[in-house]
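This report concerns only the one structure given below.
Order of the sequence lines sets the chain letters (A, B, ...), proteins ahead of strands, with each chain counted from 1.
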Amino acid sequence: MEKIRSVRGMHDLLPDRAPLWQRVEDEARALFERYGFREIRTPIVEHTELFRRSIGEVTDIVEKEMYTFLDRNGDSLTLRPEGTAGVVRACEEGGLLNQVQRLWYRGPMFRHERPQKGRLRQFHQIGAEVFGLAGPDIDAELLALTARLWRALGIADRVRLEINTLGGAADRARYRETLVAWLGERAERLDPDSRRRLSTNPLRILDSKDPGTQALLAGAPRLLDFLDAEDRAHFEALCTLLDELGVPFRVNERLVRGLDYYTRTVFEWTTDALGAQGTVCAGGRYDGLVAQLGGRPTPAVGFALGVERVVLLLEEGGQDAQLPPVDAYLAGVPEAGGRLLVLAEWLRDRLPGLRLMTHCGGGSFKSQLKKADRSGARFALLVGPEELSTSTVTLKPLRSDEPQRTLPVEAVVAALASHLPHAGERHGGPSGRRTAV
RNA sequence: GUGGCCGUAGCUCAGCUGGUAGAGCACAGGAUUGUGGCUCCUGAGGUCGUGGGUUCGAGACCCAUCGGCCACCCCA
């Protein structure tokens, strides 16, 4: 029988690597809560039209990277290639846009690209969107939030921030025309990719990697010269705020985004530790998008980070996360039968914070103890014939030379509670996870 | 989508100019008749990514295909 494998570019997260993901997700979630953001979850599948209207018809994402299919009733649906469009749609539909919203989300996104390091067909983003605030202060706060996240994760030294402003839609359109005209007269000096983009997505030529094209661009018209006074003021205010916040950044005039909906502020956190896929987190302002999707004009700004890329950065930095092992492993002779499970439940009732694994599947006493050791547990709880007849349990320390003790069950609870301070607490909650790093 | 390199046990890899598969780790059992870790012994596990071709014979060579990595492209 031929084995079925995962779809190309769509990976499993196996348990050994899960703690690293949990670390990123937990830190992000905790930070969002500290900044007053609320979580929103939207469907993975949306009407194709939503992405055509928001991302832009002629972008690569819409033209050749979307997972689009016909529903049974003939509707064209698409696996979301990014998160912003769905969030805007949901907020509009849920009537949330009559007031300021600070929202965050996380989840899988889908793009049919050629997989490589840091680029998958199903990948995961954690993102934020803020609606109803037009000023540069919220732009700056979002960047302060992300900067804090890198510090919390210990990767602040490997990412750097680049920012730029794209101005309003009208100014950008004027600039685009001018740029296309100017480059069109010099098309023979452009690399083939850039020549193609001249008619599709001319602004993207600005961040071409081709040296010849870059040299040519040195003399090209600048977007900055097409901005109106308000756009400039917004950008300058943002730069000042970032200075005051102590968030280092570099202005990159050539920084443009691949999605059509951005206006004014755009930014990218990049690294050179990941090869070609160096963008770890990116976003910007999209003041026109809500209206473009049929809502009232609403200023908005947001960002998304690539979870896989951040996890890769953590791993490159030698970081390794492990879930804490269990506290105790309960093993017993076959005659104990169901009493083992009953005892385990009894213990869990009394010690809500106790991480207790019960031996299942039989096997020799010796092999059970071996499994207890491999589990990483600090204690083995042993139930043999003697313990059965006297209603006791033997508490055997596995990580020290202390002698084992055979105790009445109530005394076992007390002993575990005194050795494991967290055992009596009810754990869970936003930051309740104890991840050893 | 384009180009280059690669694909042997769960993992990391060895396998000389083609003669028909190996190590370490991990896993299971035992040495140790209720007691783990260290050591030693034993065992299980691979149609050598898949399918064709060349050959008396292919893990090694050729082609295709799938997958991975890297760059382009794209972007988080």
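A donor-acceptor contact under 3.5 Å is not formed by the side chain of A:Arg111 with the base of B:C74. Checked by distance alone, A:Glu387 brings a side-chain donor or acceptor within 3.5 Å of a matching partner on the base of B:G34. A donor and an acceptor atom never sit less than 3.5 Å apart when one is taken from the side chain of A:Gln368 and the other from the base of B:U35. Counting distance only, with no hydrogens placed and no angle test, the side-chain atoms of A:Arg114 and the base atoms of B:G3 include a donor-acceptor pair under 3.5 Å.
Atom P of B:C48 sits at a distance of 16 Å from the matching atom of B:G53, rounded to the whole Å. Rounded to whole Å, the P atom of B:C6 lies 15 Å from the corresponding atom of B:A64. Look at the C1' atom in both B:A9 and B:G43: the space between them is 14 Å, to the nearest Å. The same atom, P, is picked in B:U17 and in B:C72; the two are 35 Å apart, to the nearest Å. Rounded to the nearest Å, the gap between the C1' atom of B:U55 and that of B:U20 is 13 Å. Across the P atoms, B:U47 and B:G34 are found 43 Å apart, a figure rounded to whole Å. The P atoms of B:C74 and B:U12 are separated by 33 Å, rounded to the nearest whole Å. Separation of the P atoms belonging to B:C38 and B:A26 is 8 Å when rounded to the nearest angstrom.
Taking atom CG on A:Asp373 and atom C1' on B:U35, their separation rounds to 11 Å, with Å as the unit. A:Lys209 has its NZ atom 5 Å from the P atom of B:C73, to the nearest Å. Rounded to an integer number of Å, the gap from A:Ile205 CD1 to B:C72 P is 18 Å. Nucleotide B:C70 holds its P atom 11 Å from the CG atom of A:Leu120, rounded to whole Å. Atom CD in A:Gln116 sits about 14 Å away from atom C1' in B:C5, given to the nearest Å. Atom pair A:Leu395:CG and B:G36:C1' shows a separation of 15 Å (rounding to whole Å applied). At whole-Å resolution of the value, CZ in A:Arg5 and C1' in B:C66 are 6 Å apart. Per the geometry, CG belonging to A:Leu369 stands 18 Å off P belonging to B:U32, to the nearest Å.
Note on A:Glu82: nothing from the nucleic acid sits closer than 4.0 angstrom, heavy atoms only. At a threshold of 4.0 angstrom between heavy atoms, the contacts of A:Val7 with the nucleic acid are absent. Within the 4.0 angstrom heavy-atom criterion, no nucleotide atom of any strand lies near A:Gly332.
Toward the 5′ end of RNA chain B lies the nearest nucleotide of A:Arg399, the other residue of the pair A:Glu65 and A:Arg399 mapping further downstream. Taking for each of A:Ser208 and A:Leu382 the nucleotide of RNA chain B with the nearest heavy atom, the 5'-most of the two is the partner of A:Leu382.
Ionic pairing of A:Glu93 and A:Arg89 is present here: one or more N-O contacts between side-chain nitrogen and carboxylate oxygen are shorter than 4.0 angstrom. With respect to the salt-bridge test (charged N to carboxylate O, under 4.0 angstrom), the residues A:Arg378 and A:Asp327 do not qualify. Electrostatic pairing of A:Arg17 and A:Glu315 counts as a salt bridge here, judged by a charged N lying under 4.0 Å from a carboxylate O. Remark: A:Glu316 engages A:Lys117 in a salt bridge, criterion side-chain N to carboxylate O under 4.0 Å. Salt-bridge annotation for A:Arg254 and A:Asp207: absent, with no side-chain N of the basic residue lying under 4.0 Å from a carboxylate O of the acidic one. Residues A:Arg196 and A:Asp193 are paired through a salt bridge, judged by an N-O separation under 4.0 Å between the basic side chain and the carboxylate. The residues A:Arg399 and A:Asp373 are annotated as salt-bridged, a charged nitrogen and a carboxylate oxygen being separated by less than 4.0 angstrom.
The stretch residues 143-161 of chain A does not touch RNA chain B, since none of its heavy atoms comes less than 4.0 Å from the strand. Sorted by residue number, the members of residues 266-288 of chain A with any non-hydrogen atom under 4.0 Å from RNA chain B read A:Gly275, A:Ala276, A:Gln277, A:Thr279, A:Val280, A:Cys281, A:Ala282. For RNA chain B, no neighbouring residue in residues 35-48 of chain A is found when judged by any heavy atom under 4.0 Å.
Between A:Ala273 and A:Thr271, the shortest heavy-atom contact is N-OG1, 3.1 Å. The minimum heavy-atom distance linking A:Leu120 with A:Phe123 is given by the pair O-CD2, 3.6 Å. The minimum heavy-atom distance between A:Cys281 and A:Thr146, with the atom names listed, is SG-CG2, 4.1 Å. Scanning both residues, A:Ala128 and A:Phe32, for their nearest heavy atoms gives CB-CE2, 3.7 Å.
Here the CD-CZ distance, from A:Gln125 to A:Arg106, works out to 14.0 Å after rounding to the nearest 0.5 Å. Atom CD of A:Glu308 sits about 10.0 Å away from atom CG of A:Leu305, to the nearest 0.5 Å. To the nearest 0.5 Å, atom CG of residue A:Leu20 and atom CG of residue A:Leu13 are 9.5 Å apart.
Using a 3.5 Å distance cut-off with no hydrogens or angles, the side chains of A:Ser375 and A:Arg355 do not pair a donor with an acceptor. In summary, the side chains of A:Gln122 and A:His11 do not present any donor paired with an acceptor at a separation below 3.5 Å, with no hydrogens or angles considered.
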Could you run down the sub-3.5 Å N/O contacts of the protein with nucleotides 25-30 of chain B?
{"unit_1": "B:C27", "atom_1": "OP1", "unit_2": "A:Arg374", "atom_2": "NH1", "d": "3.3"}
{"unit_1": "B:C27", "atom_1": "OP2", "unit_2": "A:Arg374", "atom_2": "NH1", "d": "3.4"}
{"unit_1": "B:A28", "atom_1": "OP2", "unit_2": "A:Arg374", "atom_2": "NH1", "d": "3.4"}

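The side chain of A:Lys117 lies closest to B:C69 when the candidates are B:C74, B:U35, B:C69.
Between A:His124 and A:Trp21, the angle of the ring planes goes over 60°, which puts this pair in the perpendicular group of the 30/60° scheme.
Sequence neighbours left out, the pairs with a member in residues 368-408 of chain A that pass ring-ring contact (aromatic ring centres under 6.0 Å, His included) are A:Phe379-A:His419.
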Secondary-structure notation, RNA chain B, from Watson-Crick and G-U pairs under 3.5 angstrom (| other strand) | (((((((..((((.....[..)))).(((((.......))))).....(((((..]....))))))))))))....

Test side chain to side chain donor-acceptor pair (under 3.5 Å) on A:Glu129 and A:Tyr286 and set out the steps.
-> CA-CA 10 Å; A:Glu129 315 290 354; A:Tyr286 48 98; 2.4 Å; yes

